[in-house]
Amino acid sequence: MKANPAIKIFGLVIAFVLVAPTIIVVATAFTESSIITFPPKGFSFRWFEEVLTSRQWIEALQNSLITGAIAAVLAVVVGISLAMAAARGTAIPRTGLTTFALMPMLVPLVVIAIGVYLAFVQIGFYGNVFALGVAHSILGIPFVFINVLAALTNLDPRVEEAARASGASYPITLLRITVPQILPSAFVGGLFAFIASWDEVVVAIFLVTPGFKTIPVMIWSQVREGLEPSTSAVSTVLTVVTLIVFGIVALLNARKSKRTATS
């Protein structure tokens with residue numbers, strides 16, 4: 001059934017409203033001027049060169065990448081464990097586990113930030129990539145949990161039961177049968193967990209120090225002091241990385257759908 005032309009126009013207008021701010025920010029990153037103006041004056045890569053040759057920005061970029069990787073790995077491990085317990089376990093009700101796993105999506109971010117800060121400060125666990133990665137992994141767990149739980153729900157338990165009946169132990173069944181089936185979904189969830197960490201600023205503000213900052217925190221600090229084209233350049237880098245990750249997710253989902261249709 002074809003969509004009503006009015007609905008198409010409305011959808012295009014909404015899409016433009018959502019995308020327009022990003023387009024403006026990206027455009028201002030290529031200006032020759034020393035201040036942010038739109039339309040940009042001239043065309044230059046000077047602000048990208050300034051960012052990519054700045055020790056502070058490079059260190060912040062490295063911190064963000066490492067933090068995101070740690071957050072993604074931890075979110076995958078915990079998310080898979082919770083999804084397995086919800087889908088196959090009987091000790092704890094599935095509803096309770098699901099509510100617990102999705103809690104980071106339900107609780108206001110600033111509340112999570114304050115709670116993590118108070119807990120980490122008590123043990124002196126802040127101001128480094130691992131501490132922030134652990135904090136950010138909390139935000140990524142729901143993405144992994146949802147994807148893996150959906151994969152486990154679609155996986156016929158009789159396949160695992162057949163493997164056990166054939167003499168395979170539980171660990172072997174888990175590694176040979178279950179994990180290969182849920183790994184693509186866990187990887188997609190991990191990518192979303194990485195993005196959740198990559199551009200997160202609220203929790204990061206509570207756990208950074210003058211000697212340890214991430215890209216979003218650097219951008220926030222610079223915005224408070226005054227807008228510069230270098231801010232737009234860094235924001236463009238963040239946007240490009242995010243688009244690449246979402247492109248990978250879309251490609252994986254397309255391949256998964258193709259395999260499902262073929263089978």
With sequence neighbours left out, what residues match [X] under ring pair (Phe, Tyr, Trp, His ring centres under 6.0 Å)?
{"X": "F194", "result": "W198"}
{"X": "W57", "result": "none"}
{"X": "F100", "result": "none"}

Atom of [X], atom of [Y] and distance for their closest heavy-atom approach:
{"X": "A131", "Y": "L207", "answer": "O-CD1, 4.4 Å"}
{"X": "S81", "Y": "V77", "answer": "OG-O, 2.8 Å"}
{"X": "S235", "Y": "I219", "answer": "OG-CD1, 3.9 Å"}

(request) May I ask you to check whether F120 and F206 place their ring centres under 6.0 Å from each other? (result) no
Under the side chain to side chain contact (heavy atoms under 4.5 Å, CB included) rule, collect the residues that match up with [X], sequence neighbours excluded.
{"X": "T209", "value": "Y126, F212"}
{"X": "V148", "value": "I80, A83, V144, L152, I182, A186"}
{"X": "L97", "value": "L82, A85, A86, I92"}
{"X": "L18", "value": "I14"}

(message) Please check if the number of heavy atoms outside F187 that lie under 6.0 Å from its CZ is greater than 12.
(response) no
(message) For the CZ atom on F30, are there more than 12 heavy atoms of other groups (residues, nucleotides or ligands in this structure) within a distance under 6.0 Å?
(response) yes
Name the atoms and distances for all side-chain donor-acceptor pairs under 3.5 Å in residues 135-142, with sequence neighbours left out.
unit_1: H136; atom_1: ND1; unit_2: S197; atom_2: OG; d: 2.8
unit_1: H136; atom_1: NE2; unit_2: E200; atom_2: OE1; d: 2.8
unit_1: S137; atom_1: OG; unit_2: V134; atom_2: O; d: 2.5

Would you mind writing out the side-chain donor-acceptor pairs for residues 60-76 within the sub-3.5 Å range, not counting sequence neighbours?
unit_1: N63; atom_1: ND2; unit_2: E59; atom_2: O; d: 3.1
unit_1: N63; atom_1: ND2; unit_2: K213; atom_2: O; d: 2.9
unit_1: S64; atom_1: OG; unit_2: A60; atom_2: O; d: 3.2
unit_1: S64; atom_1: OG; unit_2: I215; atom_2: N; d: 2.9
unit_1: T67; atom_1: OG1; unit_2: N63; atom_2: O; d: 2.7

Enumerate, atom names and distances included, each donor-acceptor pair closer than 3.5 Å involving a side-chain atom of residues 21-29, sequence neighbours excluded.
unit_1: T28; atom_1: OG1; unit_2: I24; atom_2: O; d: 3.3
unit_1: T28; atom_1: OG1; unit_2: V25; atom_2: O; d: 2.7
unit_1: T28; atom_1: OG1; unit_2: S232; atom_2: OG; d: 2.9

(message) How long is the straight-line distance from CD1 of I205 back to OG1 of T214, given to the nearest 0.5 Å?
(response) 8.5 Å
Quick check on the hydrophobic clustering: are [X] and [Y] connected, directly or via other members, by side-chain heavy-atom contacts under 4.5 Å?
{"X": "I195", "Y": "I244", "value": "yes"}
{"X": "I123", "Y": "V116", "value": "yes"}
{"X": "V237", "Y": "W47", "value": "no"}
{"X": "I58", "Y": "V234", "value": "no"}
{"X": "I114", "Y": "V208", "value": "yes"}

When you compare the side chain of [Y] with that of [X], does any pair of heavy atoms fall below 4.5 Å?
{"X": "T98", "Y": "F145", "value": "yes"}
{"X": "I248", "Y": "V188", "value": "no"}
{"X": "P108", "Y": "V111", "value": "yes"}
{"X": "F130", "Y": "F125", "value": "yes"}

(message) Apply side chain to side chain contact (heavy atoms under 4.5 Å, CB included) to residues I146 and L102 and explain how you reach the verdict.
(response) CA-CA 8 Å; I146 292 172; L102 300 182; 3.7 Å; yes
